[in-house]
Amino acid sequence: MAYLLAVDRFADGGVNCCLVEQTIHSLASGKVTTMEMEKLVSLCKRRGFLFQSSEIYGGLNGFWDYGPLGVELKRNIKGAWWRDMVTGHDDLSISPGAPETYDMTGLDCTIIMHPNVWKASGHYDLFHDMMVDCRQTNKRYRFDQVRGRWAEAKGQKVFVTTVAENEQQEIERQAQKLFKIRAKNADEISWDGAITTLDQIDDLSQVLGPDAGELGTLTEPREFNLMFKTIVGAMGTEEDAAFLRPETAQGIFVNFKNVVDSTRVKIPFGIAQVGKSFRNEITPRNFTFRSREFEQMEIEFFCHPDSSQDWYKYWRDRRMKWYTDLGLSGDRLILREHDADELSHYSTGTADIEYAFPFLPAGEYGELEGIAHRGDFDLRSHMEGKLDEKSNPLEVQLGADGKPKWRGSGKDLTYRNPETNERFTPHVIEPSAGADRATLAFLCEAYTEDEQPDEKGKPQTRTVMRFHPRIAPIKAAVFPLVKKDGMPEIAKDIYRELKQHCNVFYDEKGAIGRRYRRQDEAGTPFCITVDGETLQDSTVTIRDRDSLDQWRVKADDCVAELMKRLS
RNA sequence: GCGGGCGUAGCUCAAUGGUAGAGCCACAGCCUUCCAAGCUGAAGAUGAGGGUUCGAUUCCCUUCGCCCGCUCCA
């Protein structure tokens, strides 16, 4: 609902008063957040931003299609990212906040990679969780994270479990509750063996779940495949199993040496990639926010370990600014540094850029992008093999046979500074953004209702998508005021001329006010109208979507005027 | 995956164990000289599958999807 607070960025920079009033009203009535989100979802479908995938067959949970307007919006967002991060990057100057100059280059790698990529990276183990559900409390636990101990009292022997940090204390408390024994008589319970994980227990009927009040409420462990599995080869068997990538990043690490060897880039430099990724989410929810097929915009930035901390701060702030420059309001966007206990020990910093999506409860934010200092974790993994994330310093995780659980490539992915001859494993800063989430945030931010007078001066509710002109699906619409007196012909000429430069739309049907309102809903920032005056002095009006201001320019100057205002 | 709620036209809403109505939008035409105007016309729906029944949109079952909570996450 606070997206109704949208600041009028294109007119006078002031806050529209009636919007504020609406917001206050909304806050008072509680459920409005969902209602407002429904309006956006409805508009997205009605105007062709987003459709449910396979809708005529009943839809498919967690998959979404971009319609004619949506594809332009998303393309513009990805295009702006690529231009701002890669092709538009000035490698000759020191960017504000950066320690020194750096290079940027791109990559587009496959969605299906060698299965060992995911074993070495850790995704294979991480994404094959065994889970147990509690029938009584409907809670779900990672099978290997449930820990417990055998307890015996009143002639009954049970395995009491917990997932809490203070496990001994929690297990005792649970046991006392189950046996109905007061804390002062705690020694009536006898304990057998040390605390072990649940996967050591054969009979789940003797297990007390972490939050349960009775025995045997835990289901058998079930496998959750968070990576989509597929088969390579027409006659493929399980031996030929491969995975759709759950992130684009690994393709960059795997190609690190190729890029260094083929492009003359020197550290520090970044490799960018935009592409689809796939995660078999347990619960896709909240429109496109958590989709099973989604698109990422990722950079892996390689630098010397000594300067990595400065680069981390640079990218964190740079990425935050990118969103605000494209119109996300500072009110709804936060940069959240992870606390020390949230960080993996090999990371010296991770920050999330989060947006207060209207479908979230007040005060909660959804992640748009994570900027992580990953140290040398990834390159080392692909050299040596899967690292044990709990080891410190990091070591290769060994299997039961004492050999690496998952072997790496064995290739040398270190970097030699050609000037100093110093050889080192680069550290990595990873700004990883969700293209669909960014698109959704821009949609939410843009959605605005205001009141504008109709032709009789009566205030009417107007729905307008206030996209930044850079990402607006349609940049301008061209109208003849009426469909006669040669106006359509002049308008069509202007339309064809503009089409050479950007996405424009021509419409001559119906009343002019209706055509303006239609463009407001599509988020078109400018409308150009050919009217009676055009016939005399060859000027046309340009109408601003947000302020409704109109001004006249020579028809021949339309392109220049638009280009100036679209950048 | 579990628990609760919900599925009628593009949207908002009616109705019924017996021909599913309306408004808005969109479409065609007329009229229109700047913010969803008017007139005329045409078009459009019971999420899917099965069962009960002479007959099901209505009753029953299954399934799919959406919303809320748990779990996972960019």
Side-chain angles (χ1 to χ4, degrees), chain A residues 31 34-35 37-39 41-43 45-48 51-63 126-127 129 131-142 163 211 219 222-224 226 246-249 277-292 294-298 352-354 359 361 366-370 372 430-438 452-464 479-485 487 509-521 527 529-535 541 543 545 548 550:
Chain A
K31 258 287 190 202
T34 310
M35 295 303 294
M37 193 61 205
E38 280 169 13
K39 282 187 186 173
V41 172
S42 167
L43 182 143
K45 179 175 182 189
R46 184 160 41 85
R47 295 308 310 263
F51 306 124
Q52 201 177 8
S53 168
S54 320
E55 190 185 283
I56 62 169
Y57 284 100
L60 188 58
N61 197 354
F63 296 89
L126 186 69
F127 281 11
D129 291 336
M131 309 287 284
V132 290
D133 291 323
C134 178
R135 295 189 195 88
Q136 184 190 13
T137 63
N138 287 326
K139 285 180 183 283
R140 167 171 297 157
Y141 313 95
R142 284 262 301 271
V163 287
D211 301 284
T219 61
R222 287 182 286 213
E223 187 181 6
F224 279 74
L226 266 28
E247 62 171 41
T248 54
S277 292
F278 303 81
R279 292 190 186 189
N280 211 350
E281 295 291 345
I282 298 169
T283 310
R285 199 67 60 96
N286 289 330
F287 206 17
T288 62
F289 184 76
R290 185 171 304 150
S291 298
R292 288 177 162 146
F294 57 101
E295 198 154 15
Q296 292 183 298
M297 307 186 290
E298 290 199 300
D352 286 344
I353 295 171
E354 300 180 334
F359 48 76
E367 183 176 350
L368 295 181
E369 171 161 354
E430 177 186 80
S432 169
D436 305 273
R437 288 185 172 186
Q452 300 295 347
D454 63 14
E455 62 171 359
K456 298 184 185 99
K458 211 176 93 185
Q460 298 282 347
T461 300
R462 177 180 78 133
T463 302
V464 50
F479 308 143
L481 183 58
V482 289
K483 201 165 52 176
K484 61 181 187 185
D485 298 340
M487 291 181 202
K509 298 195 181 74
I512 188 74
R514 176 182 299 251
R515 283 178 269 163
Y516 283 143
R517 295 296 169 87
R518 275 199 280 245
Q519 292 307 311
D520 290 339
E521 273 194 346
C527 292
T529 303
V530 170
D531 59 12
E533 216 176 311
T534 312
L535 306 174
T541 64
R543 176 249 198 198
R545 174 193 66 201
L548 273 59
Q550 278 183 295

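Each chain gets a letter, A, B and so on, in the order its sequence line appears, and its residues count up from 1. Keep in mind that this is a model prediction, so the values were computed, not measured.
Phosphate proximity of C66(B) to Gln52(A): present, with a side-chain N or O under 4.0 Å from OP1 or OP2. Residue Arg285(A) places no side-chain N or O under 4.0 Å from the OP1 or OP2 atom of C72(B). Residue Arg47(A) places no side-chain N or O under 4.0 Å from the OP1 or OP2 atom of C11(B). Taking side-chain N and O atoms only, Arg46(A) has no distance below 4.0 Å to OP1 or OP2 of C24(B). Look at Arg514(A) and you won't find any side-chain N or O under 4.0 angstrom from OP1 or OP2 of C35(B).
Taking the side chain of Lys483(A) as heavy atoms from C-beta on, and the options C34(B), U32(B), A28(B), the nearest nucleotide is U32(B). Ranking U33(B), C35(B), C73(B) by closeness to the Leu481(A) side chain, first place goes to U33(B).
Leu60(A) places its CG atom 10 Å from the P atom of C64(B), with the value rounded to the nearest Å. Summarising the geometry, the separation between CD on Glu55(A) and P on G65(B) is reported as 13 Å, rounded to the nearest angstrom.
One N or O donor and one acceptor, one from the side chain of Arg543(A) and one from the base of C35(B), sit under 3.5 Å apart.
Both Lys45(A) and Gly59(A) sit near RNA chain B, but only Lys45(A) has its closest nucleotide nearer the 5' end. When each of Glu367(A) and Asn61(A) is assigned the nucleotide of RNA chain B with its nearest heavy atom, Asn61(A) is the one assigned upstream, toward the 5' end.
Nucleotide U19(B) forms no Watson-Crick or G-U wobble pair with any nucleotide shown, as no partner meets the under 3.5 Å limit on both distances. When both pairing distances are held under 3.5 Å, C34(B) makes no Watson-Crick or G-U pair with any nucleotide shown. As the counterpart of C2(B), G69(B) is assigned, both hydrogen-bonding distances of the Watson-Crick or G-U wobble pattern falling under 3.5 Å. The partner of A26(B) is absent, by the rule that a Watson-Crick or G-U pair needs both atom distances under 3.5 Å.
Here the two rings, on Phe479(A) and Tyr516(A), have centers that are under 6.0 Å apart. No close placement of the Phe359(A) and Phe287(A) rings is indicated, their centers lying 6.0 Å or farther apart.
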